[in-house]
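Below is one structure, written out as structure tokens; the observations come after it.
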Number of protein chains: 2
Amino acid sequence: MASDQTRTAILAAAERLYADRGFGDVTLRDIVAEANVNLAAVNYHFGSKDELIAELFVTRSIQLNRERLRLLQAAEEAGDGRASIDAVLRALVGPTLRGCLGPENQRSTAARFMIRVSIESVPPIRRIRNREIDHLRKFIAAMRRSLPGHSDVELYWGLHFALAMAQQTVRDSERLTKLSEGKCDVDDVEGIIERVVSVAAMALTVGDARSKLPPRVLARDAR
Amino acid sequence: MASDQTRTAILAAAERLYADRGFGDVTLRDIVAEANVNLAAVNYHFGSKDELIAELFVTRSIQLNRERLRLLQAAEEAGDGRASIDAVLRALVGPTLRGCLGPENQRSTAARFMIRVSIESVPPIRRIRNREIDHLRKFIAAMRRSLPGHSDVELYWGLHFALAMAQQTVRDSERLTKLSEGKCDVDDVEGIIERVVSVAAMALTVGDARSKLPPRVLARDAR
DNA sequence: TTGCATTTCAAACATTTGTATGAAACTATC
DNA sequence: GATAGTTTCATACAAATGTTTGAAATGCAA
């Protein structure tokens, strides 16, 4: 056991620096300076720089997934095992948006770190990302319970689009603010969640309508 | 003037390598080896590595924007100055999706390069990205013409979501394929375009309905 | 205290990186 | 064909980076 205060100091310092300055230009020396520990400590406690980053990301991912599942379970229990599609989607995108949007000076280090992750992915993180699929399947299952009769394909697309909208909003909230000259309020987190949820929910219903149309009337455009 | 065949050889080699292996682990030495030129050639012709990357990105961005505007103009001319919202959105997301999706072995180097850009952004590229806003404003204007009476805020969100869905599909098509066990066909490019367009178009109409509701009935959820 | 394991530390290592240099090769103009 | 401008080349430079090392310090149990 012993004092793993060095370990946690490194983790905290690294997360702070990565959150503020990105993965690109934070070196081990920056981290150990911030943490007031010796350069060799990182390799001693984590093995390598990549493993440090990975541990940081895994920790935060687990927290996010746990929060998502907590909301999902709560919603399903409240609905006797079947939550509304809105509630399922809210459980999916809510935690991300709640954590990573809102007034900038109120965002936790953890949130700012996860924003960085979504902006500039780095090899050790990308390797881990693949495990996310099992987690998402639980939401597909919940969506299936929520919308029985819907084709799976539509559920997958709906989930994909919901995540897309949430992710992009987190990633590029600055651009949206600039483009809209402030008219889109990215600090109104709950409003944004509802917006994403309602569009995604609608995508699910639209999808099925679409798939019943003959394909010809869909495609084709001035080219 | 003279022979800028060295220049173009470097550009081609760099784009190929970045497309295949990402920005992270492609060095100048890799590039010059691939291009069969001398190491110093990059600095001689481009000034620095970052300027090489920037030129690559600017070139491809201009091409993309030009294609988007071409489709937009065509659609507006066909509609006597006012295109359908679907056509506007198609012009926005079509080129990206058409270029970056479809059977992997048929994707051009340029397309694969742009996919990389969207996955792992790098400082010189991020700096340029900001200029994209003026380009997007043209689409906002077209959307305004297409849907007079819509509030601007809704248009901004609609465009934002449309790009989000397109980008995420490009960026994470692999995950979607895995998640859906192949049931979502990411090679059906035109189908995906229509899907994104119809969801985004619907988001625009939904948004206005939403904004007329009293805010209280919207938010709030099991927490 | 003694002894053993864990942890810290300063220093060095070994690469890798982008960039600069200065001479050589080439090209085109007069 | 000499000259001036451009381009290529081998090589060196300088800085940064993650990692390793081996000794010193510390903690802890017997």
Side-chain angles (χ1 to χ4, degrees), chain A residues 1-58 113 116-117 120-128, chain B residues 1-58 113 116-117 120-128:
Chain A
M1 250 319 78
S3 85
D4 56 3
Q5 65 176 318
T6 299
R7 229 186 111 84
T8 58
I10 291 172
L11 284 170
E15 186 166 46
R16 222 174 311 145
L17 289 176
Y18 285 140
D20 286 344
R21 295 165 27 194
F23 297 102
D25 50 288
V26 171
T27 71
L28 277 189
R29 285 168 175 80
D30 293 330
I31 294 172
V32 299
E34 176 86 1
N36 279 309
V37 301
N38 187 272
L39 174 59
V42 171
N43 287 279
Y44 178 78
H45 285 281
F46 297 91
S48 72
K49 188 192 188 189
D50 278 9
E51 289 174 81
L52 166 60
I53 294 179
E55 176 159 339
L56 228 31
F57 178 62
V58 167
F113 173 79
R116 275 292 170 197
V117 167
E120 42 163 335
S121 187
V122 92
I125 288 181
R126 243 167 297 156
R127 277 192 287 275
I128 294 168
Chain B
M1 234 357 46
S3 84
D4 55 6
Q5 66 176 314
T6 299
R7 231 186 108 85
T8 57
I10 291 172
L11 284 169
E15 186 166 45
R16 221 174 312 145
L17 289 176
Y18 285 139
D20 287 344
R21 292 161 33 189
F23 298 100
D25 52 286
V26 171
T27 71
L28 278 189
R29 284 169 176 80
D30 293 330
I31 294 172
V32 299
E34 176 86 1
N36 278 310
V37 301
N38 186 272
L39 174 59
V42 171
N43 287 280
Y44 178 78
H45 285 282
F46 297 91
S48 71
K49 188 193 188 188
D50 278 9
E51 289 174 80
L52 166 61
I53 295 180
E55 175 158 340
L56 228 33
F57 178 62
V58 167
F113 173 79
R116 275 291 170 196
V117 167
E120 43 163 333
S121 186
V122 92
I125 288 180
R126 244 168 295 157
R127 278 191 288 273
I128 294 169

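Heavy atoms only: backbone and side chains are in, while hydrogens, waters and symmetry mates are out. Everything numeric in this text was worked out from a predicted model, so none of it was measured. Lettering follows sequence order; numbering is per chain, from 1.
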- Query: Side-chain contact, heavy-atom cut-off 4.5 Å: A/Val117 with A/Val122?
  - Reply: no
- Query: Quick one: side-chain hydrogen bond (donor to acceptor under 3.5 Å, both in side chains) partners of A/Arg21, sequence neighbours excluded?
  - Reply: A/Asp30
- Item | Partner of A/Val42 by side chain to side chain contact (heavy atoms under 4.5 Å, CB included), out of A/Val37, A/Thr6, A/Val32 | A/Val32
- Query: Can you check the A/Asn38 CG to C/dT7 P distance for me, whole Å?
  - Reply: 15 Å
- Within the pair B/Thr6 and D/dT7, is there a side-chain N or O less than 4.0 Å away from OP1 or OP2? no
- Item | Residues in side chain to side chain contact (heavy atoms under 4.5 Å, CB included) contact with A/Arg126, at least two apart in sequence or another chain | A/Ser121, A/Pro123, B/Arg116, B/Ile119, B/Glu120
- Query: For the pair made of NE2 in A/His45 and C1' in C/dT6, what is the distance, rounded to whole Å?
  - Reply: 9 Å
- Task: Output all residues satisfying side-chain hydrogen bond (donor to acceptor under 3.5 Å, both in side chains) with A/Thr8, sequence neighbours left out; order by chain, then residue number.
- Result: none
- With a 4.0 Å heavy-atom cut-off, tell me which residues in residues 13-23 of chain A come close to DNA chain C, sorted by residue number. none
- Between C/dT6 atom C1' and A/Asp4 atom CG, what is the distance in whole Å? 13 Å
- Applied to residues 42-51 of chain A, the salt bridge (Lys or Arg N to Asp or Glu O under 4.0 Å) test, sequence neighbours excluded, yields A/Asp50-A/Arg127
- In chain order, what residues pass the side-chain hydrogen bond (donor to acceptor under 3.5 Å, both in side chains) check against B/Arg29, with sequence neighbours excluded? none
- Sequence neighbours left out, what passes ring-ring contact (aromatic ring centres under 6.0 Å, His included) with A/Phe23? Give chain and number order. A/Tyr18, A/Phe113
- Message: Whole angstroms only, please: what is the OH-P distance between A/Tyr44 and D/dA23?
- Response: 17 Å
- Item | Listed partners of A/Asp20 passing side-chain hydrogen bond (donor to acceptor under 3.5 Å, both in side chains), at least two apart | A/Arg112
- Task: Quick one: which residue pairs count as a side chain to side chain donor-acceptor pair (under 3.5 Å) with a foot in residues 34-44 of chain B, not counting sequence neighbours?
- Result: B/Arg16-B/Glu34
- Determine whether A/Glu55 and A/Arg7 make a side-chain contact, defined as any pair of heavy atoms from C-beta on separated by less than 4.5 Å. yes
Please tabulate, one pair per line, each protein N/O and nucleotide N/O from nucleotides 25-29 of chain C that are separated by under 3.5 Å, including the distance.
none

Please tabulate, one pair per line, each protein N/O and nucleotide N/O from nucleotides 16-19 of chain C that are separated by under 3.5 Å, including the distance.
| unit_1 | atom_1 | unit_2 | atom_2 | d |
| --- | --- | --- | --- | --- |
| C/dG18 | OP1 | B/Lys49 | NZ | 2.4 |
| C/dG18 | OP2 | B/Leu28 | N | 2.9 |
| C/dG18 | N7 | B/Arg29 | NH1 | 3.0 |
| C/dG18 | O6 | B/Arg29 | NH2 | 3.0 |
| C/dT19 | OP2 | B/Asn43 | OD1 | 3.3 |
| C/dT19 | OP2 | B/Lys49 | N | 3.0 |

- Note on the structure: Here the distance between atom P of D/dG18 and atom CD1 of A/Ile10, to the nearest Å, is 13 Å
